[in-house]
Structure formats: structure tokens, C-alpha cells
Amino acid sequence: MYYNKFTMIQDLHAHTYYSFCSDDTPERVVEAAIAGGIQQLGICDHNYGVGCARKEFCWDQGTKLNADYGKTLTRYYDHMSAVREKYRNKIKILCGIEICTLKSKDSYALPTGADVSFFDFALVENLDHPMSITNGDIFTFAKRCGCPVGIAHTDLFRFIDSIGEDPYRFFKRMAAQGIFWEMNVNYDSLHNFQSHDYVGEFLKNKTQQEIVKKTGVRLSVGFDGHIAKEYKPLRVKTTCKLIQDMGIHLAFEGR
Ligand SMILES: [Zn+2]
Ligand SMILES: [Zn+2]
């Protein structure tokens with residue numbers, strides 16, 4: 001595959017030990033991305049991992065929710081900002097947060113008052129779940145976040161169809177609000193080496209591509225890595241290239 005100097009290679013979805021399901025230090029994750037030729041890396045830990053100040057701290061104390069959720073979010077942000085500075089000559093790092101919107105007894109969903117507006121971006125998951133605190137309304141929820149928002153690992157065309165909306169109008173609204181859509185190219189043991197069907201579908205479905213292109217919605221590419229040694233940067237690079245060759249812009253392209 002041919003990459004020219006204008007091809008932007010981004011991975012906007014990487015986890016570190018701030019997520020319950022990862023043990024990698026931010027440095028380990030960043031260095032895997034640099035080695036893999038990634039130019040722009042979005043570290044994007046789960047709000048519940050961050051909010052509990054990492055599992056070993058809160059679970060060891062026998063309590064799941066840290067008393068000062070807000071402080072844990074800013075501390076994580078500050079830590080990632082330091083990591084960004086450390087690697088600033090080698091890679092562009094964005095500090096994001098992946099927001100669980102699932103109502104559950106474990107309180108994993110982002111608490112109502114938690115401020116995430118200072119993050120570089122937020123990835124919203126479970127939008128299409130009947131128990132989502134978004135109530136299926138990404139537009140209102142993105143406003144509540146107050147930072148750039150992307151929709152994580154969701155078959156958006158199927159979701160739009162399920163709520164009886166017109167895809168063109170829905171994507172047009174997303175573009176107007178700057179909401180981007182993630183192409184999740186994960187393939188690792190944590191997810192039983194399952195890839196996302198909606199990504200494969202989008203990459204071959206010209207009608208879907210035309211809607212995204214015409215409405216101006218941006219896409220992001222994310223490996224959703226939880227285990228640095230299983231990172232597959234080629235999946236990321238190939239997808240970035242295919243999207244840009246369609247004339248579709250990536251989120252934060254040119255920044
Ligand atoms: Zn997720
Ligand atoms: Zn994730």
C-alpha cells in the first residue's frame with residue numbers, strides 16, 4: 001500500500017493501566033504506537049477505570065467508587081499531559097476518555113455531574129444499548145460532554161435504522177455538531193479476536209461512504225488496544241489510508 005506524506009495515520013483509541021482491562025503503562029502504549037508508525041495517538045481510558053483511580057487502588061480497599069471522581073479525572077488528564085510532553089517530538093498525543101453510558105448496579109456509567117469538558121475528546125460507548133444513559137440521543141449527550149465527541153465501536157447505520165431516522169439527516173446533524181464516528185479495528189485476545197462487522201461493511205459499502213462524505217462527518221480509526229504486545233498497527237494504517245482515499249476526513253486531521 002502506498003502512503004504519501006499527506007496520509008495521516010491516527011489511532012484514537014488506546015487503553016493503559018487506567019482501564020481495568022489493561023496493565024500497560026502509558027509509556028509502553030505510546031512506544032508501541034511510535035514503533036508502529038502512528039503519528040497521532042489518542043489515549044482513551046474508561047471513565048470507570050479512571051474514576052476509580054485504577055482498580056488496584058479502589059478494589060483493594062474494598063470499595064468500587066472513589067469518593068472524588070472529578071479529582072481522579074483531572075489527575076489522569078494531568079498524567080497524560082505529562083506523557084504528551086515527554087514524547088512531543090516523536091508523536092502527537094491526545095488525551096481522551098472513553099465514556100461508558102450503560103446503567104448498571106456497578107456504577108460504571110459516567111456519573112451525572114462528572115466534568116469531562118477539559119478532555120481533548122471523548123468516545124461514547126453503548127449508544128445503541130437500551131440501557132444507555134444517553135437514551136439513544138448522542139446530540140444531547142455530546143453537548144453535556146462539552147468536548148469533541150466520537151461514537152465508539154457502533155454499527156451506526158443499523159442504529160439509525162432502528163430508531164427510524166434518515167441516515168443522511170442523522171449524519172448531517174453529527175457533522176454540524178462535530179461528532180465523529182469510530183472505525184474500530186480491534187483484533188486481540190481480550191476480545192477473542194473478533195473484528196467489528198460494521199467496519200468491514202462500511203469499507204465496501206459505497207452508499208454508506210457517500211453519506212459520510214457528503215455530510216462531512218469525520219471518522220476516527222482506533223485499535224482499542226488493551227495489550228500493547230498484541231498491537232497491530234497495520235490494521236490501523238490500512239484503514240486510515242482507505243478512508244482518506246475515499247475523500248473522507250479523519251477526526252483531528254491537520255491538527
Ligand atoms: Zn469501548
Ligand atoms: Zn476501548
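By convention here, the first residue in the shown sequence is residue 1. Please read all numbers here as calculations on a predicted model, not as lab measurements. Both counts, for ligands and for their atoms, begin at 1 and track the order of listing.
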Listed by chain and number, what are the side chain to side chain contact (heavy atoms under 4.5 Å, CB included) partners of E165, not counting sequence neighbours?
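Testing E165 for side chain to side chain contact (heavy atoms under 4.5 Å, CB included), a comparison that skips the adjacent residues, returns I160, I163, R169, F170.
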Pair Y198, H153: side-chain N/O donor-acceptor within cut-off below 3.5 Å:
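There is no such pair (donor and acceptor under 3.5 Å, judged by atom type) between the side chains of Y198 and H153.
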Would you say the side-chain atoms of T16 and D24 include a donor-acceptor pair closer than 3.5 Å?
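Per modelled atom types, T16 and D24 side chains form no pair under 3.5 Å.
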If you leave out waters, which protein N, O or S atoms are less than 2.8 Å from the Zn ion (ligand 2)?
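Listed by chain and number: H13 NE2, H15 NE2, E98 OE1, D224 OD1.
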Look at the rings of Y17 and H79 and say which category their plane angle falls in: under 30° parallel, 30 to 60° tilted, over 60° perpendicular.
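Aromatic pair Y17/H79 classed tilted.
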Is there a side-chain contact between C95 and I43 in this structure, where contact means two heavy atoms from C-beta onward sitting under 4.5 Å apart?
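No; the side chains remain at least 4.5 Å from each other.
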Is E27 salt-bridged to K86, cutoff N-O under 4.0 Å?
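Looking at E27 and K86, the cut-off is met.
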